Novice: 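Please find one structure pasted underneath; my questions will follow.
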Protein chains: 2
Amino acid sequence: MPEAQSPTRKRIVDAATRLFYAEGIGRVSVDAVAEEAGLTKRTLYYHFKSKDDLVAAYLDGRDQPNLKRMAGWFDAAEGGADRKVEAIFTNLARAARHPKWKGCGFLRTAAELASMPGHPAIKVGSRHKSNFETWLAGALSNHGVEEPQAVAREIVLLIDGCFSIMLIHRNPDYIEAAGRAAATLVRARISSGKA
Amino acid sequence: MPEAQSPTRKRIVDAATRLFYAEGIGRVSVDAVAEEAGLTKRTLYYHFKSKDDLVAAYLDGRDQPNLKRMAGWFDAAEGGADRKVEAIFTNLARAARHPKWKGCGFLRTAAELASMPGHPAIKVGSRHKSNFETWLAGALSNHGVEEPQAVAREIVLLIDGCFSIMLIHRNPDYIEAAGRAAATLVRARISSGKA
DNA sequence: CTAAGTATACCGACTAGTGAGTATACACAA
DNA sequence: TTGTGTATACTCACTAGTCGGTATACTTAG
């Protein structure tokens, strides 16, 4: 049985991450992942029992880095909660201008697997999005925002809206617009604000 | 040369619509579409020059029906612009509970084709989303909403956020939450309101 | 009015290549 | 000498797209 933390396994997941994010799950073969990792398909199948398993591992590996990046943007921004939230969108817009940017790997995978709701990769995605929503609600609460769960959920919807619509229009103006909307929704709940 | 409005062509597009929406572009073979349409692959290729061509035709056929459905929900709702916008989300939540609901075909296709930004199907999707945004801005303007373009864009972001997040969580509560956020954003621009 | 020609619309069988996953063998460390 | 990790070399199902051919209907020359 393969070791959970073997360096070979990590090499495979790193290769899968590059290819799956760049091309999408369905457009990348297991052969291609093995080649990118510099080993054979048989070795890959020694470490992962199926392609689905590998896909789930790919997303699992993106959970913490994505979360930390968002939290870093929030924490680094100056001003109140509204400005900190807006900073997430501003930074997202900057990232989205990079030619290699292809949206959110979790959402794109969920879209590809929409006909298989119980797929392990979708469960990983669901957990990641919940982690983010929970973190954001806590951060908002710490900065004096009322109804932090509700606001966090609204911001999550706007962020995922950006991810989707960017794949269609490739126009970062939508992200800026979402940032302004998010700031409006936060301000509606700062101090004595009412929705 | 095949006729643009031939009934056979329509049968093929209808079959493609059922299968592509249910399973996703990449998971449906041209053979499967031909079989669903009750004819051979050779005939399908008589009417469409490639699978990509067929995918674009599938989305093109969804543009007007989708638009009309949204407009119908908006028009049928009682109350001001905020209530009419919220009705779109309420109806969307109801539709999303149906077991065959798989999100937005335009967004799911864009997600699958994220590595091919110039793909004809993505252009069709971009046109559709723009059509919707334009219609919504006009409808908001007719109902006394200030900055209708900006509000329409925010609502588009929330709707597409619903479509995405639903594929992850399968929980219509997110759609209700988006509807409340959309209503808040509309009310911020009704009569003398300021964002 | 008819026969030859032509365009439309269709099909069965095929190709060349790719897909996920596997049977078997070998190297090497404990 | 036993078990871990790697490789070569497969299987077999499936994929987009094509080849050659046919049935039908419309056009037009004689």
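Below, chain A is the first sequence line, B the second, and so on; all start at residue 1. Because the structure is a prediction, the values reported are computed rather than measured.
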Novice: Using whole Å, report how far CD1 of Ile12(B) lies from C1' of dA9(C).
Specialist: 11 Å
Novice: Using a 4.0 Å heavy-atom cut-off, does Val33(B) contact any base of the nucleic acid, only the sugar-phosphate backbone, or nothing at all?
Specialist: nothing
Novice: Would one find a side-chain N or O of Thr43(A) under 4.0 angstrom from OP1 or OP2 of dA7(D)?
Specialist: yes
Novice: Under the side chain to side chain contact (heavy atoms under 4.5 Å, CB included) rule, collect the residues that match up with Ile122(B), sequence neighbours excluded.
Specialist: Leu113(B), His119(B)
Novice: Distance criterion of 3.5 Å, no angle test: do you see the side chain of Arg42(B) paired donor-to-acceptor with the base of dG20(D)?
Specialist: yes
Novice: What is the distance, rounded to the nearest whole Å, between atom NE2 of His47(A) and atom C1' of dA7(D)?
Specialist: 13 Å
Novice: If you look at every heavy atom in Ala152(B) and Leu140(B), which pair is closest and at what distance?
Specialist: N-CD1, 3.7 Å
Novice: Nearest-Å distance, CD (Glu35(B)) to C1' (dC11(C))?
Specialist: 15 Å
Novice: Could you tell me the separation between the CZ atom of Arg27(B) and the P atom of dA20(C), rounded to a whole number of Å?
Specialist: 11 Å
Novice: If you go through the side-chain atoms of Lys51(A), does one of them form a donor-acceptor pair with the base of dG21(C) closer than 3.5 Å?
Specialist: no
Novice: Just the rounded figure in Å: distance from P of dG21(D) to OH of Tyr46(B).
Specialist: 19 Å
Novice: Hey, which sits more toward the 5' end of DNA chain C by its nearest nucleotide, Thr8(B) or Lys41(B)?
Specialist: Thr8(B)
Novice: What's the CD1-P distance between Ile25(A) and dA20(C), to the nearest Å?
Specialist: 11 Å
Novice: Do His47(B) and Thr8(B) have side chains that get closer than 4.5 Å, going by heavy atoms?
Specialist: yes
Novice: Rounded to the nearest angstrom, tell me the gap between atom CZ in Phe48(B) and atom C1' in dT18(D).
Specialist: 18 Å
Novice: Does dT6(D) have OP1 or OP2 under 4.0 Å away from a side-chain N or O of Thr40(A)?
Specialist: no
Novice: Is it true that the NZ or CZ of Arg108(B) lies under 6.0 Å from the centre of Tyr21(B)'s six-membered ring and within 45 degrees of the ring axis?
Specialist: yes
Novice: Does the side chain of Ser29(A) get closer than 4.0 angstrom to OP1 or OP2 of dT18(C) through an N or O atom?
Specialist: no
Novice: Let me know the distance between CG of Asp31(A) and P of dT8(D), rounded to the nearest Å.
Specialist: 13 Å
Novice: Considering only residues two or more places apart or on different chains, which pairs with a residue in residues 30-42 of chain B satisfy side-chain hydrogen bond (donor to acceptor under 3.5 Å, both in side chains)?
Specialist: Arg18(B)-Glu36(B), Asp31(B)-Lys41(B), Thr40(B)-Thr43(B)
